[in-house]
Every structure is written in structure tokens, then in C-alpha cells.
There are 2 protein chains.
Amino acid sequence: MDEHGGLLRRHGLRVTRQRERILSAVSALGHATAEEVSAGVAGDGGSPLPPSTIYRALEAMEKAGALRHTHLDHRSPSYQLADHDAHIHLVCTGCGSVAEVPATIADGLVAQIREQRGFEAAFTHMAVQGRCAKCQR
Amino acid sequence: MDEHGGLLRRHGLRVTRQRERILSAVSALGHATAEEVSAGVAGDGGSPLPPSTIYRALEAMEKAGALRHTHLDHRSPSYQLADHDAHIHLVCTGCGSVAEVPATIADGLVAQIREQRGFEAAFTHMAVQGRCAKCQR
DNA sequence: TTGAATGCAAAAAATTTGCATATTG
DNA sequence: CAATATGCAAATTTTTTGCATTCAA
């Protein structure tokens, strides 16, 4: 459960209890905003973390390459572990659920955009809005 | 230049000078955040608009269907005219430029996601991060 | 006239910064 | 020990709300 120390070390970051708790929260939630991380660590038994610690830790871990972020909904950035397989988020506008599909599904489209525009698109971790099967009924 | 009155009327909204100015700014900029709209209307000769007016007008116009929004960068929502052709934004992480490609380019991918997941994806107006041709060099 | 829209001021959220202290490597 | 990270408080920034007034239909 708490072998996030290795992840931190591997990315050249210091291993602190706060960052391990933050990583645990992100890992447990799959993807989380600063606020969700805050709520997450609040529920792990330890004392709550000040916003500055959370914001700075997320930023540092992202810069170091341990985390990535996208915008799933219409607000704050959501962070995930970076070593998670590359994928696309399917965000349902009906129920808010978030499913994932391997990013490779977009390979054809990426190639097409590259040929037509010379633009190298990164479909990794991106969010696509839509309606899930359940909400279409 | 200012026939946005029709657009407002068509969507069941009242035609006010403020909303016309806001629509002009959005239209001129192509896509704009609340802050950019604020700057835009400040530069049109008229008096500046208070934030509440801008936020409420954008929200009302979006709800009425005259505007749409996406998240181009890592912050606020960017609004556009809804009658703009459906398209995908190619946002360059290098220079920040935003290009557009017709949404139909993703038809194949949309079909694939529908078949595999039953998820009806709306690629319309979405943002895709990447590197433009210029920034790849 | 009457409901919708505005303007202003103030409140609430969300994010960032400065700095002294504590901690990791 | 030196560099990093933390905690706390306060400052910014961004967005929302209440309410009296104005305006479009």
C-alpha cells in the first residue's frame, strides 16, 4: 500500500510522509484534484495537510515526472500517477463517471493529424466528454 | 460586425449592449475566457464591464445554446460561438497556439469507442494538447 | 408592467507566496 | 551540514452572490 517511497526516490524526490500520503490518495482515487487529495489525506487517519503542501507537492511531483494531470471536468486539474498506462478518459456528462481506454485506440487519428497538419498530438491522459452507455437510456 | 442581436434573439435571450459587446469580443477572439472577454470589451471603447455581468452573461448564453466552452489550457474555460462548425482544437504546448480541425476527422475513433464501450463521445470543441509543426524543430 | 439583466459591493473559493522551522539525504 | 520540504498565515486571484436599480419586450 505504501510503496510510493520508491516512486519518489526514482524520480529524484525526497521521501516524506506527506508526499507518501498524497501519493496514496492519488493512487487510491485513480485521479484527484488538489481538493480531492486534501479530502483523501484527511481520511487516512493522519492530520490534515495545509493547501500549500498539497499544491507544492503535486507541482513538484508532476515536474519530476511522477505525476501527470488533465482536466476531467470543468474545473481544477486532476492528477494521476504517471506510470499508469497511457490512456484516454471517457468522462460522462450525465453521471460524471470516468472510464479509461488505452491511448493506442487513437493511433490512427494521431497519424492523420500528423499528416494533415504536422501537429504531433498527445492523446495521452486526455479527457473526452460524452455519454456512457447507461446514461444514453 | 454587430449583428449578434439576432443570435441572442434566436436563442431566446434579451438583446443588451453588454451581451452584444461580450459576443463581439468572443467572436473577434475566436475563443475567450472570462478574463479575455473582460480585456476584450475594455478595448472596444465602451466602459469596462463588472465581472458579475461577464460571468453571468457567458453562463446564460451557454445555457441558451449560443455559446459553448472548452478548456484549452490549464485554467479557465474558453468560450466560443456555438454555431461555429464542430471542430477539435489543437493546442500547442510549445507556443500556445490553437489550430482547429473539423471534428469529422475523429469520426472513425468515435465509432470505435461506441462499438467497444457503448460510449457516445463528443469530440466537438475539445482540446488536444501536442506540438505544432513549428515547435517540433 | 414585469421579468430579465446590470452594476456594485462584498463574500466565498481556489491558488500562491513569504518566511521561519523541521527534515531528508 | 546543506538543500529540500513543511506549516502557518496572509496575500492574490478567480468566481459567485445579494440586492437595489435599470432596461428590454
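Letters A, B, ... mirror the listed sequences (proteins, then strands); counts begin at 1.
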Hey, which sits more toward the 5' end of DNA chain C by its nearest nucleotide, B:Arg17 or A:Glu35? B:Arg17

Restricting to nitrogen or oxygen on both sides, can you table the protein-nucleotides 17-22 of chain C pairs closer than 3.5 Å?
| from | atom 1 | to | atom 2 | distance (Å) |
| --- | --- | --- | --- | --- |
| C:dG18 | O6 | A:Arg56 | NH2 | 3.0 |

Should B:Thr124 and B:Thr70 count as side-chain neighbours, where that means a heavy-atom distance under 4.5 Å? no

Should A:Lys134 and A:Cys95 count as side-chain neighbours, where that means a heavy-atom distance under 4.5 Å? no

Between C:dT24, D:dG7, D:dA25, which nucleotide has the shortest distance from any of its atoms to the side chain of B:Val15? D:dA25

Taking the side chain as C-beta and beyond, is there a heavy-atom pair between B:Val110 and B:Glu120 under 4.5 Å? yes

Could you state the CZ-P distance from A:Arg19 to C:dT24, rounded to the nearest angstrom? 12 Å

Below 4.0 Å: OP1/OP2 of C:dT16 and any side-chain N or O of A:Tyr55: no

Would you say A:Thr33's side chain and A:Pro77's backbone share a donor-acceptor pair under 3.5 angstrom? no

Whether A:Thr53 contacts D:dT6 is assessed here as follows: a side-chain N or O lying under 4.0 Å from the phosphate OP1 or OP2. Is that the case? no

d(CD1, B:Ile22; C1', C:dG7) in whole Å: 13 Å

Whether over 12 other heavy atoms sit under 6.0 Å from A:Arg131 CZ: yes

For A:Gln18 and D:dT4, what is the distance between atoms CD and P respectively, to the nearest whole Å? 17 Å

Rounded to whole Å, please give me the gap between CZ in B:Arg14 and C1' in D:dA24. 5 Å

Once you round it to whole Å, what is the distance between P of D:dT17 and CD of B:Glu59? 8 Å

Examine the side chains of A:Glu100 and A:His31 and answer whether a donor and an acceptor come within less than 3.5 Å of each other. no

Heavy-atom count check: over 12 atoms from other residues, nucleotides or ligands less than 6.0 Å from B:Gln136 CD? yes

Of B:Leu13 and B:Ala34, whose closest DNA chain D nucleotide lies nearer the 5' terminus? B:Ala34

Would you mind reading off the distance between A:His71 atom NE2 and C:dT15 atom C1', rounded to a whole angstrom? 13 Å

Nucleotide of C:dT23, C:dT15, D:dT14 approaching A:Ser76 most closely (side-chain heavy atoms): C:dT15

Tell me the interatomic distance from B:Glu20, atom CD, to C:dA5, atom P, rounded to whole angstroms. 13 Å

Round to the nearest Å and state the distance from A:Arg9 atom CZ to C:dG25 atom P. 7 Å

Among C:dT15, D:dA5, C:dA5, find the nucleotide with the atom closest to the side chain of A:Thr16. D:dA5

